[in-house]
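Below is one structure; the comments refer to it alone.
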Amino acid sequence: MEAIGTFDSSVDRPRQRTSDGLIRVRDRTGEAAVHIEIERKWRPNLPSRLFDYASSAVTGTRLPVWSIVILLRPGGRPPQDTGTHRIRGIGGDAFVFRYHVVRLWQLDARSMRTELGIEAAPFLVAMRGIDEELVRKLTDEVRTTHRMTQRARESTMRLLVVVTAAMLGSDTARRIFPMEWLNKDPNVQAFINDWKELGRAEGRTKGLAEGRAEGESKGRAKGRAEGRAEGESKGRATEARLLLYKVLAARSFSVTSATRARIERETDTSRLEAWLETAVTARTVRDVFRRR
C-alpha cells in the first residue's frame, strides 16, 4: 500500500468535525482514505466521533474510509484491535461501523523503527523503549531523508515536536528542539511561520531571564536560595506558556485575545503544563482549558 497525499481538511466541514489526518492511499485494487485519529488515551465517546467523521469523509471523498485510533497512553477500556460501533435501526442495526485501535505503548520503538520507516518517527516517541538519544536520531533522519517531500517532512517534524513534549516532557523537548534551531532549520520553517507569536516568544525568553534576575535580587533580602527558587518558578511558567503557544499553533487552533489573556495571567506551572499535555489531543481550544 502506498500513501499518495492528504486530503483538504475542509472535507469535514459539513459536520464540523476535525481529524488528525485523512490520507489518500492506493494498492493494486484501487484507492481509499485512511482516517488517523491520535488520542492521548481512550475515551468512551470516540467510536461515535469516528463514525461521524468517517461518514462525512465518505461523502466528501467518494472513497472507502478506514478509521484508525492511535493511543499514546494507557487509559479507559479500548477494544483489543478492532472495535465496532452500531447504529440502531428499526428491527436491528442500521449501520455497523468498524475501526482499528493501535496501542503505541505496547510496541517496541527500536524494532518498529525498522519496520515502519522514518515516516513513523512521531509515533515511535510514544512506544516502549524510547529515550532522548533515539529521538535525536529520529529528528536527524527526518531532517536529512530524501524519501519525504518537503511538505511531508515539515508535517512530520511538527508532530515529532508535539509528541515528544507530551511523552517525554517539556524539558526534554526544549533540549532537542531549541528555539534557535527551530528558527534556522528550513525543514520546520513553515511551523515557525504559522506561529504568529514568535515576537512574543522572544519577549518571554527575555522575561525568563528577568524573572531569574528578579528572584536573585529578592534573594539578597530574604535569602538567596528562596529568591532563586522564585525566579526559577517564574522561568518554568514562562517556558510552559511558550511551548503551549507552539502546540496550539501546530494544531491550527485559533488563539483569541481572551484565550491569550487567560494563558498570560496563569502563574501555576503545573496547570500550564496540564494545559500543554491536553492541547496535544484536544478537539478544540475550549477542551484544552477544561483540565484544571
Side-chain angles (χ1 to χ4, degrees), residues 8-21 37-40 43 45 49 53 151 154-155 157-166 169-171 173-174 177-185 188-215 230-292:
D8 188 322
S9 59
S10 63
V11 69
D12 60 355
R13 287 180 184 172
R15 299 191 182 190
Q16 296 299 308
R17 295 290 175 182
T18 59
S19 166
D20 292 299
E37 185 77 17
I38 303 173
E39 292 289 334
R40 184 165 54 91
R43 291 181 289 163
N45 67 334
R49 284 181 50 203
Y53 183 84
R151 179 178 178 183
E154 291 169 355
S155 61
M157 188 65 75
R158 295 174 198 171
L159 187 56
L160 186 58
V161 172
V162 171
V163 177
T164 298
S170 57
D171 289 340
R174 282 194 296 271
F177 310 102
M179 280 302 302
E180 296 80 4
W181 178 83
L182 289 175
N183 281 327
K184 295 177 182 178
D185 194 298
V188 291
Q189 194 58 49
F191 174 64
I192 295 300
N193 291 337
D194 289 342
W195 185 33
K196 298 180 181 180
E197 294 304 317
L198 182 58
R200 287 181 177 266
E202 295 171 351
R204 293 185 188 96
T205 301
K206 181 180 179 181
L208 168 60
E210 291 176 350
R212 288 173 175 167
E214 180 182 350
E230 183 177 345
E232 291 292 336
S233 177
K234 289 184 178 180
R236 288 195 300 271
T238 298
E239 290 176 338
R241 289 191 197 94
L242 177 66
L243 196 54
L244 176 58
Y245 282 120
K246 287 166 59 178
V247 172
L248 293 175
R251 297 294 308 280
S252 299
F253 287 151
S254 176
V255 180
T256 64
S257 57
T259 299
R260 189 177 309 286
R262 182 173 186 178
I263 295 173
E264 291 298 323
R265 67 172 175 262
E266 182 57 63
T267 59
D268 187 333
T269 303
S270 61
R271 180 169 296 175
L272 287 167
E273 290 178 344
W275 290 346
L276 171 62
E277 182 178 348
T278 305
V280 175
T281 55
R283 291 179 56 198
T284 66
V285 170
R286 182 177 298 178
D287 291 339
V288 173
F289 301 100
R290 286 176 179 170
R291 181 172 178 179
R292 294 182 176 275

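The figures here come from the full heavy-atom set of this structure, side chains too, leaving out hydrogens, waters and symmetry mates.
- The OG1 atom of Thr278 sits 11.5 Å away from atom CD of Glu273, with the distance rounded to the nearest 0.5 Å.
- If you take CZ on Arg271 and CD1 on Ile263, they are separated by 13.0 Å, rounding to the nearest 0.5 Å.
- The side-chain heavy atoms of Trp275 and Leu272, taken from C-beta on, include a pair separated by under 4.5 Å.
- A heavy-atom distance below 4.5 Å is not found between the side chains of Leu242 and Thr238.
- Using a 4.5 Å cut-off on side-chain heavy atoms (C-beta onward), Thr259 and Arg286 make no contact.
- For the side-chain contact (heavy atoms from CB on, under 4.5 Å) criterion with Val163, the lone passing option out of Val161, Leu160, Leu159 is Leu159.
- Leu248 and Ala279 make their closest contact through CD2-CB, 4.2 Å (heavy atoms, listed as atom of the first residue, atom of the second, distance).
- With a 4.5 Å cut-off on side-chain heavy atoms, Glu37 and Tyr53 do not count as touching.
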